[in-house]
Engineer: 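Quick one: this structure, given as structure tokens, is what I'll be asking you about.
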Amino acid sequence: MAQQPVVDRSAFKQVIKLPALRVPTKACNDLMRKLRGRFTFDLPKTKCIVHDGDRQDVRLLLLSQEVDPQAFSPDLQALLQPVEGWELTSHDMTLEYQHFTADAVLRKLLPEGVEVPTSFESIGHIAHLNLRPEQLPHKALIGQVILDKNPTLRTVVNKLGSIENEYRVFDMEVIAGEQAFETEVSQHGVRFRLDFSKVYWNSRLETEHKRLVASFQPGEVVADIMAGIGPFAVPAGKHGCKVFANDLNPESAKYLALNVQLNRVGAQVTPFNMDGRQFVRLLLATPGGPVEQLPPPAAAAAAAEQAAEPQQPQQQQPQQQQDAGAANQQPNQQQQQQQQQPKRKLVAEVPPAIPPGWRPPPGGLHFQHAVMNLPASAVEFLDAFRGAFCPASWAGQALPLVHVYTFMKNESEADVIARVEAALGGKLEEPSIHTERAPQDWPTGWVEKNLPGLTRLQRNGLTFKRAYTNACMCTSARAALFTGYFNPQHNARYVLEQDMPSSLYPQVNTPNNLRNLATAARDAGYSVVYKGKMHLSKPLNPDYTWGSADALQYGWTRWNYPDAGANQSLAESGGSPSFNDRRFMESEGPVEKGEEGALQWILQQAVRSQPFFLVISLVNPHDVLFYPAQFNASGYSPELLKGDIQLPPTVNESLITKPSAQREFRVLGAGGLSPSGPEQQTAYVNFYANLIKQTDAFLVNALDALDRVGLTRKTVVVKTADHGEMGTSHGGQIQKNFMMYEQATRIPLVFSNPELYPTPLETDALVSHADFTPTIASLLGTPKSARASWPGVDYSSVVMDPRRAKPPQDYVIFTFDDFQSGQAQSNTTNPVYVQAPCNVRAIIESRYKFAE
């Protein structure tokens with residue numbers, strides 16, 4: 001056992017005075033059900049109904065701290081009006097260590113300047129952390145608190161150094177709990193046993209395991225060349241495939257064989273324990289390979305028969321006597337004997353390099369798929385296929401589809417394909433790349449290190465890895481998100497800007513007569529509140545000034561006008577110099593007028609407004625467009641141009657073969673509007689990253705506010721964005737105009753709640769902005785009469801049960817119609833447009849994009 005540090009639990013003890021209702025015992029439960037969620041006290045491991053001393057005729061119903069005992073709200077008064085015999089009183093509630101979350105405890109105990117770890121990977125009863133240097137002196141404390149707050153955990157480990165050995169196993173230390181490394185995990189109904197200290201395992205690849213196995217057809221043959229403990233092989237066997245699975249690490253091969261037994265797929269999965277190259281050549285019976293070391297077929301058959309022969313007991317009755325005895329037994333006696341048979345014992349031992357007596361068929365084994373899941377070096381092993389196939393045996397047969405995993409480090413997709421082709425010794429006809437990285441080209445680990453808010457959501461959330469915008473410009477993207485309709489239907493195709501006269505530029509507001517996100521939430525009984533950038537319309541007032549009516553026309557209340565982020569003027573900035581995001585988040589004003597910011601609303605209004613649907617929409621990272629032309633005038637610190645973000649691998653990609661509109665748009669941005677040269681481009685991408693860090697800090701503040709009012713477990717937090725940013729990728733392009741690259745179209749989307757998602761989950765389900773409103777309507781229980789025939793797809797089944805839900809759709813739709821993008825905004829007499837063809841009509845599916 002690791003030494004347990006002394007956690008001063010007494011430091012968390014505090015007494016708070018709560019308003020309470022003294023209610024007749026018989027009426028208390030009914031009243032509690034009416035008030036719960038809006039007016040009752042609600043914290044983990046506490047009860048809102050308590051005894052009132054020794055009295056049996058009454059109970060105390062504890063009210064939230066936000067309830068003003070001197071002035072009950074009209075809603076609370078209405079609920080209490082039919083209840084007889086209640087009295088207002090108070091109750092002293094003692095809060096102790098067990099009532100606080102791990103985040104709250106560590107924020108109190110860790111020294112100032114030491115960040116609280118924002119996430120860890122769970123592997124059965126083991127928690128795996130990657131602590132930073134400043135956290136290491138406090139590792140025992142961190143580990144113990146994680147154990148205290150996660151009762152299913154028994155061991156907390158910290159990774160030591162990087163993975164450098166051939167088995168891809170990292171060194172670790174136990175910082176809290178037991179020295180117990182053997183554990184068991186389940187993924188999609190498959191059980192895996194493993195020793196975390198001796199084999200490689202990554203729980204966050206669960207979605208990828210499911211995606212690939214789902215692409216196999218039952219009856220197909222799969223060669224899993226670097227199988228590990230079987231995350232692809234065992235599910236593929238259960239899927240009905242015949243799998244030949246291999247791993248060089250004896251411990252991995254041992255647990256692979258054990259997991260085959262554990263999941264009863266011995267007839268489908270055959271384990272091997274040998275070098276990957278030799279395994280490929282063995283399966284293909286390549287001359288000069290391992291097949292020539294095997295015994296002749298007759299001897300192999302005898303060995304296989306002997307290996308399959310069951311062991312006989314030392315004393316055995318003659319067969320006739322056994323049969324007679326069995327015949328004389330009554331049926332219930334036979335059943336009792338069967339029930340008394342010992343359960344099948346699982347044997348954990350390293351399998352032989354090649355199963356006894358196993359030989360490939362003449363000319364080699366025919367398989368449809370080969371899996372090579374060793375990203376650090378799998379590409380190098382592709383040379384095993386060179387000259388390995390028997391031409392006569394494979395004549396007329398399609399060669400196997402090879403699924404090879406690799407890391408992309410400062411490379412383009414073309415660079416990766418070139419590496420693969422070099423290893424294979426030939427050109428690939430139709431390579432398909434499925435990326436498992438963020439589209440912004442962040443370095444590995446950057447998000448976890450720099451975005452604690454996002455990481456906090458993902459730790460107890462469902463991350464959608466294939467979420468897309470339906471249009472790239474702000475107004476059209478937001479219109480799809482908030483209405484559930486596509487560009488041709490909501491018709492708000494063009495970005496709305498203050499300095500663009502409608503006589504020269506199309507300016508179409510988002511229609512206010514559509515059933516939308518606000519009306520769906522309102523009609524489900526929720527308080528709908530909007531704080532932040534809207535960008536759905538121009539002002540309704542004839543004098544072109546903003547007012548609350550501009551939000552109310554769509555159903556939103558308590559909006560902090562004016563709008564912001566509509567163009568590149570400094571007055572529209574999220575940060576310096578106008579600080580509109582700070583205004584949206586931190587304003588303090590009279591709540592009776594709805595002039596409070598998002599944080600004040602959460603702290604003072606959220607509890608009494610339950611159930612609520614709150615939108616917080618920030619401007620940034622919009623301000624990246626200030627660089628370089630307006631950066632100095634903006635007042636932003638030059639330090640924000642620095643960071644560890646490198647230029648994307650496609651920064652110098654030629655646009656000669658790309659649509660002409662992309663080249664024209666880049667020309668329009670020259671002369672100071674766009675970064676020029678590596679130095680400015682690097683500054684641009686780091687400015688963008690630092691702006692995202694600033695918005696993430698606002699997210700942390702909002703999550704902390706929910707913690708403070710005890711609503712974290714009762715609130716589903718959704719994080720997304722309207723569109724992406726090219727960030728100098730694909731030929732140095734910025735913004736998101738006239739294109740449909742992943743950087744511009746793929747968006748973050750996380751649904752987070754600790755009750756719904758005790759552990760981090762991911763999904764490859766294809767979803768888009770237009771699907772959001774119908775999905776939320778289903779999740780909130782909006783009456784059918786209050787819904788519309790939205791073309792967007794309802795993916796609520798994925799949100800509620802991502803492991804079992806079917807894919808909601810096979811593709812999503814993307815369009816780009818804003819032909820006026822890129823014009824000189826100061827030119828109000830002769831606009832300069834990007835020449836046609838400049839519109840995009842496209843679908844995005846799991847492997848390809850089709851566009852015209």
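This one's a predicted model, so the numbers in the text were calculated from it and none came from an experiment.
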Engineer: Please check: side-chain N/O of Asn158 versus main-chain N/O of Glu173, any donor-acceptor pairing under 3.5 Å?
Structural biologist: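 Absent.
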
Engineer: Is the closest side-chain heavy-atom distance between Trp546 and Trp559 below 4.5 Å?
Structural biologist: yes

Engineer: Below 4.0 angstrom, N of the basic side chain to O of the carboxylate: do Glu596 and Arg558 qualify?
Structural biologist: yes

Engineer: Counting only heavy atoms from other residues, nucleotides and ligands, does the tally under 6.0 Å from NZ of Lys149 exceed 12?
Structural biologist: yes

Engineer: Does the side chain of Tyr97 reach to within under 4.5 Å of the side chain of Val105, using non-hydrogen atoms?
Structural biologist: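 Side chain of Tyr97 against side chain of Val105, heavy atoms only: contact under 4.5 Å found.
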
Engineer: Main chain of Tyr757, side chain of Asn460: is a donor-acceptor contact present, judged purely on distance under 3.5 Å?
Structural biologist: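 Yes, Asn460 side chain to Tyr757 backbone: donor-acceptor pair under 3.5 Å.
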
Engineer: For Arg582, look at atom CZ and say whether over 12 heavy atoms of other residues, nucleotides or ligands are found less than 6.0 Å away.
Structural biologist: no

Engineer: Could you check whether Ser796 and Asp794, counting side-chain N and O atoms only, form a donor-acceptor pair closer than 3.5 Å?
Structural biologist: yes

Engineer: Is the ring pair Phe192/Trp201 parallel, tilted or perpendicular, if the boundaries are 30 and 60 degrees?
Structural biologist: tilted

Engineer: When you check the gap from the basic side-chain N to the acidic O, do Lys693 and Asp696 get nearer than 4.0 Å?
Structural biologist: no

Engineer: Under 3.5 Å, which donor-acceptor pairs link side chains of residues 13-22 to any protein atom two or more places apart or in another chain?
Structural biologist:
residue	atom	partner	partner atom	Å
Lys17	NZ	Asp92	OD1	2.9
Arg22	NE	Asp52	OD2	2.6
Arg22	NH1	Glu87	OE1	3.3
Arg22	NH2	Asp52	OD2	3.4

Engineer: How are the rings of Phe751 and Phe772 set to each other: parallel, tilted or perpendicular (split at 30° and 60°)?
Structural biologist: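 If you compare the ring of Phe751 with that of Phe772, the planes turn out tilted.
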
Engineer: Begin from the C-alpha positions of Thr782 and Asp523 and carry the test side-chain hydrogen bond (donor to acceptor under 3.5 Å, both in side chains) through to its verdict.
Structural biologist: CA-CA 6 Å; Thr782 302; Asp523 294 341; over 6 Å; no

Engineer: Look only at the side chain of Ser64 and the backbone of Glu66, and say whether a donor-acceptor pair between them is shorter than 3.5 Å.
Structural biologist: yes

Engineer: Does a side-chain N-to-carboxylate-O contact under 4.0 Å join Asp704 and Arg107?
Structural biologist: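 A salt bridge links Asp704 with Arg107.
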
Engineer: Give me the atom names and distance for the closest heavy-atom approach of Thr455 to Glu448.
Structural biologist: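 Where Thr455 meets Glu448 most closely, the heavy atoms are OG1-CA, 3.5 Å.
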
Engineer: Parallel, tilted or perpendicular: which fits the ring planes of Phe12 and Phe100, with parallel below 30° and perpendicular above 60°?
Structural biologist: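 Correct class here is tilted.
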
Engineer: With sequence neighbours excluded, tell me which residues meet side chain to side chain donor-acceptor pair (under 3.5 Å) with Ser10.
Structural biologist: Asp8

Engineer: Would you please name every residue forming a salt bridge (charged side-chain N to carboxylate O under 4.0 Å, His left out) with Arg478, sequence neighbours left out?
Structural biologist: Asp722

Engineer: How close do Thr715 and Asn753 get, counting heavy atoms only, and between which atoms?
Structural biologist: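 Looking at all heavy atoms of both residues, the shortest contact is O-ND2, 2.9 Å.
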
Engineer: Will you find, in the side chains of Arg55 and Thr25, an N or O donor that is under 3.5 Å from an N or O acceptor?
Structural biologist: no

